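Below is one structure; the comments refer to it alone.
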Amino acid sequence: MRHQCRAGPPRKPFEHLPAVAAILVLFASAPSWGETAALTLTEVAAGVFVHGGVHEEASPANNDAIANIGFVLGDDAVAVIDPGGSAREGRELRAAIRGRTDRPIRYVILTHVHPDHIFGAAAFRDDKPDFVGHAKLAGALAQRGGYYLRRLREALGDGAEGSEIVTPTSLVSTRLDLDLGGRHLMLRALGPAHTDNDLTIMDDKTRTLWLSDLLFVDRLPVVDGSLLGWLRELDELTAIAANWAVPGHGPAAVRWPAAAGPERRYLETLARETRAAIKAGTSIAGAATQVGQSERGRWLLFDEFHPRNVTASYKELEWE
Ligand SMILES: [Zn+2]
């Protein structure tokens with residue numbers, strides 16, 4: 001399922017055209033051999049483009065295009081925000097950018113270590129951009145990158161070809177401002193939350209706050225950094241006056257901070273009920289089947305990710 005920020009049912013392309021004309025149009029727009037198809041992008045605010053990921057795990061059918069990714073267009077340059085989950089998705093994002101502008105792709109921002117956000121980076125190497133990441137991203141890639149690459153190859157087979165670890169060339173330890181010409185992006189490095197290497201990006205021109213996986217909408221949040229840290233960061237993030245937020249998974253853009261509600265409820269429930277389970281002497285395995293069951297049915301991929309969230313939270317909270 002793809003989400004777009006605009007309401008209403010999707011229009012069927014070509015529905016008013018005679019069948020023969022529709023076939024000709026389809027034929028004309030299909031990429032020829034060796035040409036890369038362009039990703040479909042939604043312009044969520046002026047010059048801010050997002051491709052919505054599908055709510056699935058990586059597979060050959062989806063090229064690991066499961067996260068929201070995109071780019072911001074300035075008067076002088078382009079900044080990619082997450083190059084995608086595979087080199088193929090990165091190439092398709094690049095084709096979509098080149099379909100709109102020939103301005104240089106000066107920055108490729110890697111919001112955090114998770115593979116569905118960053119394995120498209122190799123597709124931008126020839127543009128010679130700065131690959132920008134959190135100060136802890138390089139260490140996280142050194143620790144997990146090989147494992148993530150093996151998993152990607154298992155999941156995609158030949159579809160993983162060209163995907164590789166790209167080491168960041170610019171590191172953010174607190175804050176970094178990028179000038180794209182006529183607009184600035186303000187990058188902030190957060191403490192442990194979704195992971196221990198999360199970046200947020202604020203576009204000053206449209207007040208769009210790109211949160212990547214600090215914000216999950218519809219799909220269950222994944223705790224891979226610190227549950228309590230994430231709740232603390234969420235307090236600060238929801239105090240930011242933004243028009244729009246771009247979640248890592250969910251619609252291409254959502255109203256901020258209104259859209260933080262369900263994620264906060266889930267994370268608070270996880271903390272409260274995990275603490276109660278620890279206090280009651282429930283084992284970690286027992287907690288995984290008891291904690292947070294009121295959230296079942298409210299999230300996509302709940303069964304795939306909730307038990308491991310409980311396990312991670314238990315390990316974090318048992319030493320309080
Ligand atoms: Zn993530």
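Note that the structure is a prediction, hence the values are computed from the model and not measured. Atoms within a ligand are numbered from 1 in the order they appear, just like the ligands themselves.
- Ring geometry for His306 versus Phe302: interplanar angle under 30°, hence parallel rather than tilted (30 to 60°).
- At least one N, O or S atom of His114, from either the backbone or the side chain, sits less than 2.8 Å from the Zn ion (ligand 1).
- A side-chain hydrogen bond (donor to acceptor under 3.5 Å, both in side chains) with His117 is found for one member of Asp213, Asn68, Asp64 and no other, namely Asp213.
- For Asp213, the N, O or S atom with the smallest separation from the Zn ion (ligand 1) is OD2.
- Arg183 pairs in a side-chain hydrogen bond (donor to acceptor under 3.5 Å, both in side chains) with only one of the listed residues (Asp203, Asp204, Asp75, Asp76), which is Asp203.
- Here the angle centred on the Zn ion (ligand 1), running from NE2 of His112 over to NE2 of His194, is 100°, rounded to 10°.
- Of all heavy-atom pairs spanning Phe71 and Val80, the tightest one is CB-CA, 4.0 Å.
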